[in-house]
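Just below is one structure, and these are the notes that go with it.
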Amino acid sequence: MSAAAIGKDLLGLAHLSAEQITLILDTAVPFKEISERAIKKVPTLRGMTIVNLFFEASTRTRISFEFAEKRLSADTVNVAVSGSSVSKGETLVDTARNLEAMKIDMVVIRHPSSGAARFLADRIQSNVINAGDGTHEHPTQGLLDLLTLRERFGSLQGVRVCLCGDVLHSRVARSNMWGLQKLGAEVAVCGPRSLLPNAIDELGVQVFSRIEEAIEWAQALNILRLQLERMQAGYIPSLREYNRVFGVTRERLERAPRDIVIMHPGPMNRGVEIDSDVADGPHSVILEQVTNGVAVRMAVLYLLAGGRPELAEAAKGQ
Ligand code: CP
């Protein structure tokens with residue numbers, strides 16, 4: 001596969017091939033080792049300037065991108081809506097074009113509107129990385145979930161993964177569905193019908209309406225946050241009721257026919273979609289997901305910058 005193998009931008013997993021996704025995961029593996037070192041820095045992206053443009057709150061993604069950029073020696077600037085001229089009404093494109101006039105190389109964007117990353121990528125020359133756009137996609141989260149599962153199971157082929165909870169509002173769910181299916185996993189969703197997309201039956205996934213059935217079937221559960229800030233209608237009777245019917249609890253997992261890998265993209269609503277003794281329990285890989293996020297983002301930055309996988313391996317020796 002050529003150096004520009006994943007294209008100019010990373011906007012989602014829907015349009016990537018299994019080979020491209022595998023290339024990113026394989027490239028992340030040697031980068032993971034760099035974060036284990038006392039001095040966590042290689043000169044791979046020295047001289048590049050990357051802007052992190054976050055129009056929505058974020059802890060994991062923003063900090064993880066910043067670590068990834070700094071560990072590759074890129075120069076980074078963080079722009080948040082408050083404190084920028086966006087708060088005075090400047091458009092997304094004008095903001096980005098002004099940044100480009102200062103000779104930047106890449107933009108990492110999180111935005112509440114689905115399609116915002118594509119809109120920007122079509123209008124600027126810099127590489128654009130989607131760090132989550134509305135309810136559309138969150139490709140680097142999908143990739144770090146895939147890497148975490150691949151580490152656990154060796155291969156994704158035939159692994160049964162259920163996405164549980166608020167699938168309707170979840171960009172993480174969409175990126176997971178595309179990525180998992182492309183790498184050969186069996187995918188299911190489980191949640192109240194009001195929190196599943198209308199077209200769920202066309203997405204090639206199994207649908208469970210009871211969490212007990214999902215637990216019986218799955219080898220891994222990726223438990224999604226109830227996105228209360230995106231819920232304009234009464235999708236569920238109450239948080240307590242949701243936990244009672246759909247919550248992933250220790251008692252429910254103890255009745256499973258096998259140990260189940262527990263994932264959550266964060267931030268978690270403890271005691272709602274996931275109980276604390278599950279989140280912090282022996283089968284939870286939630287913090288491994290966070291660790292893998294830095295390596296996956298290093299891989300994406302590196303590949304978009306035109307890097308070759310063998311140079312990622314060589315970076316270990318720098
Ligand atoms: N998983 C995730 O996107 O978390 P943040 O919203 O904290 O970035």
Side-chain angles (χ1 to χ4, degrees), residues 10-14 24-25 28 35 50-71 76 78-82 106-117 128-149 151 161 163-180 191 195 220-231 248 261-270 272-274 278-280 284-301:
L10 178 70
L11 305 178
L13 300 191
I24 298 171
L25 302 185
S35 295
I50 304 176
V51 176
N52 301 314
L53 197 52
F54 276 67
F55 292 84
E56 242 189 15
S58 169
T59 299
R60 278 146 292 271
T61 312
R62 188 182 60 73
I63 294 172
S64 177
F65 264 112
E66 201 175 339
F67 277 140
E69 292 154 4
K70 286 183 161 46
R71 287 176 193 178
T76 68
N78 294 319
V79 181
V81 178
S82 59
M106 289 190 195
V107 177
V108 177
I109 179 170
R110 168 166 289 195
H111 200 281
S113 301
S114 301
V128 174
I129 303 175
N130 181 5
D133 61 330
T135 59
H136 173 230
E137 279 224 44
H138 191 348
T140 55
Q141 179 69 45
L143 289 163
L144 73 89
D145 291 342
L146 294 174
L147 182 61
T148 307
L149 285 165
E151 285 177 348
V161 184
L163 303 159
C164 304
D166 186 358
V167 179
L168 180 67
H169 298 103
S170 178
R171 52 200 177 204
V172 175
R174 276 166 194 73
S175 291
N176 264 265
M177 278 183 216
W178 299 125
L180 286 165
L195 291 178
L221 299 180
N222 199 345
I223 303 160
L224 306 168
R225 180 173 72 90
L226 277 192
Q227 299 197 28
L228 301 168
E229 76 279 15
R230 292 190 214 274
M231 292 189 190
V248 179
V261 174
I262 298 297
M263 308 173 77
H264 194 303
M268 290 185 273
N269 295 310
R270 287 174 182 261
V272 181
E273 69 266 2
I274 186 168
V278 174
D280 305 326
S284 169
V285 294
I286 293 169
L287 293 178
E288 287 173 43
Q289 290 173 263
V290 177
T291 301
N292 284 336
V294 178
V296 153
R297 290 173 178 122
M298 288 170 85
V300 168
L301 294 166

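Indexing begins at 1, ligand by ligand and atom by atom, following the structure's order.
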Checklist outcome for this item: The protein heavy atom nearest to atom 1 (N) of ligand 1 is P265 O, 2.8 Å

Item to check | Any residue meeting salt bridge (charged side-chain N to carboxylate O under 4.0 Å, His left out) with R60, in chain and number order, not counting sequence neighbours | outcome: none

Checklist entry - Would you say R110 touches ligand 1, if touching means a heavy atom closer than 4.0 Å? => result yes

Next on the checklist: Distance alone, cut at 3.5 Å: any donor-acceptor contact between the side chains of E273 and H264?
Outcome noted: yes

Next on the checklist: Can you report which non-hydrogen protein atom sits closest to atom 2 (C) of ligand 1, along with the distance?
Outcome noted: T61 OG1, 3.5 Å

Item to check | Side-chain (T76) to main-chain (E69) donor-acceptor, under 3.5 angstrom | outcome: no

Checklist entry - Of the protein's non-hydrogen atoms, which lies at the shortest distance from atom 4 (O) of ligand 1, and what is that distance? => result R60 NE, 3.1 Å

Checklist entry - Strictly under 4.0 Å, does any heavy atom of G132 approach an atom of ligand 1? => result no

Checklist entry - Are M177 and V167 side-chain neighbours, meaning at least one heavy-atom pair lies under 4.5 Å? => result yes

Checklist entry - Atoms of ligand 1 less than 4.0 Å from T59 heavy atoms? => result 5 (P), 7 (O), 8 (O)

Checklist entry - For ligand 1, which atoms, with element, lie under 4.0 Å from some heavy atom of H138? => result 2 (C), 3 (O)

Checklist entry - Centre of F54's six-membered ring, under 6.0 Å away, within 45 degrees of the axis: is that where NZ or CZ of R110 sits? => result no

Item to check | Which of the ligand 1 atoms, numbered from 1, are nearer than 4.0 Å to a heavy atom of G266 | outcome: 1 (N), 2 (C), 4 (O)

Next on the checklist: For E137 and S175, which I'm curious about, is there any donor-acceptor pair between the side chains at under 3.5 Å?
Outcome noted: yes

